[in-house]
Amino acid sequence: MNYRALNHEDIEVFSEAISAFFLNMTHEPAVVRTAYLLDGSASPLWGDFNGVIDVSGGFRGSITFSAPHGMLSQVLMAIGEREHSVDRCLDVVGEIANMMSGRARRHFGEELAISPPAARPRTVPPAAARATGVPFAIPLRWRAHEANLVVHLDIRR
Amino acid sequence: MKARLLIVDDSMVIRNLIARQMLDERLPPIDLVDLAGDGEQALAIALSRKPDFITMDLTMPNMDGEACIERLAEVLPGARIMVVSALSDKATALRAISKGAHGFLHKPFSEEQLVAALLELMS
């Protein structure tokens, strides 16, 4: 079975999805920077919390949102959540990954099957995706915090 | 008559966010808000509490939202259900509506979009 890697248009969808999340949910835009290939010389800087969505259907791989505790605490505060515990940070990081995946599904079509989010602390790094292509990292800054969306997807031709 | 709302989402943060929004004075008062983290819990709560309005996530463990909407349409046909989901493709929205949902709100949503969707659900 033949698969293709993500192209520029595909990556743009994820960048827009990150922007939409911060603008809609926190009313403060994030600065989303240029995506880059994690081609072996670079590795993602996993944050304190990682929300992972596994994909299937005509696709294989995963979509991971990785962020520091400080950012997630401030996101929780911005949306009115009073509790900023580890459990809440795991919850919101998974939910952000879920929203990124949902936007991707609108772009790729309903063949993109997505799993419920799995959220993990940094001490349990995300498992290697089943994709064989090179992953992309999309770095972003919100308030004073840096985070990454790591997209590792193969798409069936 | 007391109005009851059931909020179904596997994210506690989203459940709390919607529940807090119900205090907005633009919305009609709700006397009872119940929370469920998946479709199975939602069905059990719906059968005992008989909510008038339900917000429903789609991607959840155990029983997903589509299966839950289908069951709710059988056992609680009078309840009005609004899907609140990150799955924003048209086919998913149409399928949810064909199974018994009355509306669809895409995540991520703004406060204004949530209030407008809740008003429509409760109208």
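Just so we're clear, the structure is a prediction, and the values are computed from it rather than from any experiment. Lettering of chains follows the sequences in order, A, B, ..., and the numbering in each one begins at 1.
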*Check step by step if side-chain contact (heavy atoms from CB on, under 4.5 Å) holds for A:Glu95 and B:Val13.*
CA-CA 9 Å; A:Glu95 192 56 26; B:Val13 169; over 6 Å; no
Should [X] and [Y] be counted in the same cluster of Ile, Leu, Val, Met, Phe, Trp and Tyr side chains packed under 4.5 Å apart?
X	Y	value
A:Met77	B:Leu17	no
B:Ile45	B:Leu5	yes
A:Ile63	A:Leu37	yes
B:Val84	B:Met22	yes
B:Leu47	B:Met63	yes

*In residues 103-115 of chain A, which residues are in contact with chain B at a heavy-atom separation under 4.5 Å?*
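Listed by number: A:Arg103, A:Arg105, A:Arg106, A:Glu110, A:Ile114, A:Ser115.
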*Positions in residues 24-35 of chain A that reach chain B, provided some heavy atom is under 4.5 Å away*: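 Answer by number: A:Asn24, A:Met25, A:His27.
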*Can you check side-chain contact (heavy atoms from CB on, under 4.5 Å) on B:Arg20 and A:Glu81, steps first, answer last?*
CA-CA 9 Å; B:Arg20 276 194 306 275; A:Glu81 179 67 47; 3.7 Å; yes
Counting heavy-atom pairs under 4.5 Å with chain A, which one of [options] comes out on top?
options	answer
B:Asp57, B:Ile14, B:Asp10, B:Asp9	B:Ile14
B:Thr92, B:Leu114, B:Leu87	B:Leu87
B:Pro61, B:Ser110, B:Ala91, B:Ser11	B:Ser11

*Do you know which of A:Ile79, A:Val92, A:Leu23 has the most heavy-atom pairs under 4.5 Å to chain B?*
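The option with the most such pairs is A:Ile79.
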_Nearest heavy atoms of B:Ser88 and A:Gly102, plus distance in Å_ =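 Where B:Ser88 meets A:Gly102 most closely, the heavy atoms are OG-O, 3.5 Å.
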*asked:* Which heavy atom of A:Pro116 sits nearest to which heavy atom of B:Met60, and what is that distance?
replied: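 Minimum heavy-atom contact is CG-C, 4.0 Å.
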*chain A heavy atoms under 4.5 Å from B:Arg95: which part of the residue, side chain, backbone, both or neither?*
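Contact with chain A is through the side chain of B:Arg95 alone.
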*Tell me, yes or no, whether the heavy-atom count around B:Arg26 atom CZ, taken from other residues, nucleotides or ligands under 6.0 Å, exceeds 12.*
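Result for CZ/B:Arg26: enclosed.
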*asked:* With a sphere of 6.0 Å drawn around CD of A:Glu9, does it hold more than 12 non-hydrogen atoms of other residues, nucleotides or ligands?
replied: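 Check fails, neighbour count at 12 or below.
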*Do A:Asp91 and B:Arg15 come within less than 4.5 Å of each other through their side chains, counting heavy atoms only?*
no
